[in-house]
Amino acid sequence: MFITNGVSCDWIVLGAKTDRDAGYAGITLFVVDKDTPGFTVGRKLDKVGLWSSDTAELYFSDCRVPASAILGEENKGFFQIISGFVWERLICAIGSVAGAQITLEQAIAYAKERKQFGKPIGKFQVVSHELAQLAIDIQAARQLTYWCVKQHLAGTDTVAQAAMAKVLSTEVACKVADRALQIHGGYGYMMEYPVQRAWRDTRVGTIYAGTNDIMREIIAKDLGL
Ligand SMILES: Cc1cc2nc3c(=O)[nH]c(=O)nc-3n(C[C@H](O)[C@H](O)[C@H](O)COP(=O)(O)OP(=O)(O)OC[C@H]3O[C@@H](n4cnc5c(N)ncnc54)[C@H](O)[C@@H]3O)c2cc1C
């Protein structure tokens with residue numbers, strides 16, 4: 001069973017084992033037509049968030065594709081995939097920073113609008129300092145990400161740095177979404193306010209594109225551990 005995003009597509013890029021004994025050096029990428037006999041799309045998975053991205057199980061039963069379906073070279077699939085890992089992590093970091101910024105702005109707007117005890121809740125220091133800290137966290141994540149993108153574009157090896165940017169940005173995004181929801185009080189838990197979506201959508205950031213635990217493994221290895 002495979003899981004994919006974009007079940008409504010016409011083609012999928014599939015990584016399949018083509019040499020069972022060769023470990024990561026035995027994977028090949030194929031471009032597979034969705035109408036290929038034996039290929040079926042199973043149930044759409046019911047996710048906590050990211051509802052605009054359809055994610056489903058894919059099944060392959062005696063599914064045969066011609067050699068011309070190979071994308072790149074036979075048994076080089078793993079290396080083709082990892083060549084995109086730094087960008088994947090940086091894109092994840094960029095999206096997390098952008099999402100966190102929007103969520104922060106929504107929380108600030110709400111803190112200015114919502115009045116309790118005769119004044120906007122943003123005038124309570126506990127709320128204003130919370131928002132100030134979130135702004136600091138986002139700025140730190142943004143600057144690390146910008147720096148990392150610049151290094152990568154300059155051709156510098158940024159494997160560990162991209163992992164750092166991914167970890168920091170996704171964890172900041174989760175923190176911002178959680179605190180922003182808290183600032184919205186009971187309304188934050190209602191589907192009519194967008195902050196609940198940020199809370200649900202950001203959660204996967206620490207899981208996909210390589211979990212943050214694995215990112216920390218990469219960073220630790222880079223530290224010589
Ligand atoms: C919405 C969504 C979209 C996705 N999209 C894609 C996609 O487009 N392409 C794609 O390839 N994948 C995609 N994934 C898969 C995603 O990358 C994996 O779920 C993720 O890498 C974790 O793998 P796993 O689920 O098998 O967890 P596991 O590997 O089972 O990990 C479970 C837990 O154990 C920890 N763990 C495992 N091994 C170690 C270790 N060596 N050291 C320390 N901790 C460890 C993990 O960090 C995690 O906390 C998607 C997942 C989701 C939820």
Side-chain angles (χ1 to χ4, degrees), residues 1-18 22-34 39-60 63 65 69-73 75-100 103 145 159-178 191 194 196-225:
M1 183 197 79
F2 289 72
I3 300 176
T4 190
N5 295 326
V7 282
S8 48
C9 61
D10 294 326
W11 303 86
I12 62 156
V13 176
L14 170 72
K17 283 306 281 283
T18 37
Y24 61 80
I27 297 170
T28 304
L29 296 184
F30 297 91
V31 177
V32 180
D33 188 323
K34 75 167 173 41
F39 170 41
T40 48
V41 177
R43 71 188 169 104
K44 190 175 159 184
L45 297 165
D46 198 10
K47 302 197 294 296
V48 168
L50 293 188
W51 293 348
S52 59
S53 155
D54 48 2
T55 306
E57 294 168 340
L58 304 182
Y59 291 93
F60 302 88
C63 182
V65 292
I70 290 176
L71 181 66
E73 279 181 63
N75 294 327
K76 293 283 191 288
F78 176 77
F79 306 101
Q80 289 169 270
I81 293 169
I82 63 165
S83 70
F85 273 179
V86 167
W87 263 128
E88 182 186 35
R89 288 162 194 164
L90 289 177
I91 288 165
C92 186
I94 293 164
S96 298
V97 169
T103 305
T145 302
V159 172
Q161 287 73 20
M164 289 179 192
K166 196 264 179 186
V167 167
L168 183 64
S169 309
T170 54
E171 291 180 5
V172 163
C174 286
K175 178 182 173 186
V176 170
D178 190 69
M191 295 302 274
Q196 51 74 28
R197 180 176 174 184
W199 191 62
R200 290 183 292 101
D201 285 357
T202 51
R203 190 59 190 84
V204 75
T206 66
I207 298 170
Y208 67 11
T211 69
N212 285 11
D213 305 305
I214 297 298
M215 294 302 108
R216 287 187 166 89
E217 279 291 303
I218 292 168
I219 297 161
K221 271 192 196 133
D222 189 62
L223 297 175
L225 299 166

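Nothing here was measured: the structure is a model prediction, and the numbers come from that model. Order of listing sets the numbers, starting from 1, for every ligand and every atom in it.
Per-residue contacts place Lys47 under 4.0 angstrom from the following atoms of ligand 1 (heavy atoms of the residue considered): 1 (C). Close approach of ligand 1 to Val204 is summarised as follows: ligand atoms under 4.0 Å from at least one heavy atom of the residue are 1 (C), 53 (C). Numbered from 1 in the order shown, with element, the atoms of ligand 1 that lie under 4.0 Å from a heavy atom of Thr211 read 22 (C), 46 (C), 47 (O).
A cation-pi geometry, defined here as NZ or CZ lying under 6.0 Å from the six-membered ring centre and within 45° of its normal, does not hold between Arg197 and Trp51.
Of all the listed residues (Ile214, Asp213, Asn212), Ile214 holds the heavy atom that lies closest to atom 39 (C) of ligand 1.
Within a 6.0 Å sphere centred on NZ of Lys17, other residues, nucleotides and ligands contribute more than 12 heavy atoms.
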Side-chain donor/acceptor pairs under 3.5 Å, residues 159-171, sequence neighbours excluded:
from: Lys166; atom 1: NZ; to: Gly205; atom 2: O; distance (Å): 2.7
from: Lys166; atom 1: NZ; to: Tyr208; atom 2: O; distance (Å): 2.9
from: Lys166; atom 1: NZ; to: Gly210; atom 2: O; distance (Å): 2.8
from: Lys166; atom 1: NZ; to: Asn212; atom 2: OD1; distance (Å): 2.8
from: Ser169; atom 1: OG; to: Thr145; atom 2: OG1; distance (Å): 3.2
from: Ser169; atom 1: OG; to: Ala165; atom 2: O; distance (Å): 2.6
from: Thr170; atom 1: OG1; to: Lys166; atom 2: O; distance (Å): 2.6
from: Thr170; atom 1: OG1; to: Val167; atom 2: O; distance (Å): 3.2
from: Thr170; atom 1: OG1; to: Asn212; atom 2: ND2; distance (Å): 3.0
from: Glu171; atom 1: OE1; to: Arg216; atom 2: NH2; distance (Å): 3.0
from: Glu171; atom 1: OE2; to: Asn212; atom 2: ND2; distance (Å): 3.0
from: Glu171; atom 1: OE2; to: Arg216; atom 2: NH1; distance (Å): 3.0
from: Glu171; atom 1: OE2; to: Arg216; atom 2: NH2; distance (Å): 3.3

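Ring geometry, Phe39 versus Phe60: the interplanar angle falls under 30°, so the pair is classed parallel (tilted spans 30 to 60°).
Residues passing the side chain to side chain donor-acceptor pair (under 3.5 Å) test with Asp222, sequence neighbours excluded: none.
Ligand 1 has Ile207 within reach: a non-hydrogen atom of the residue lies less than 4.0 Å from it.
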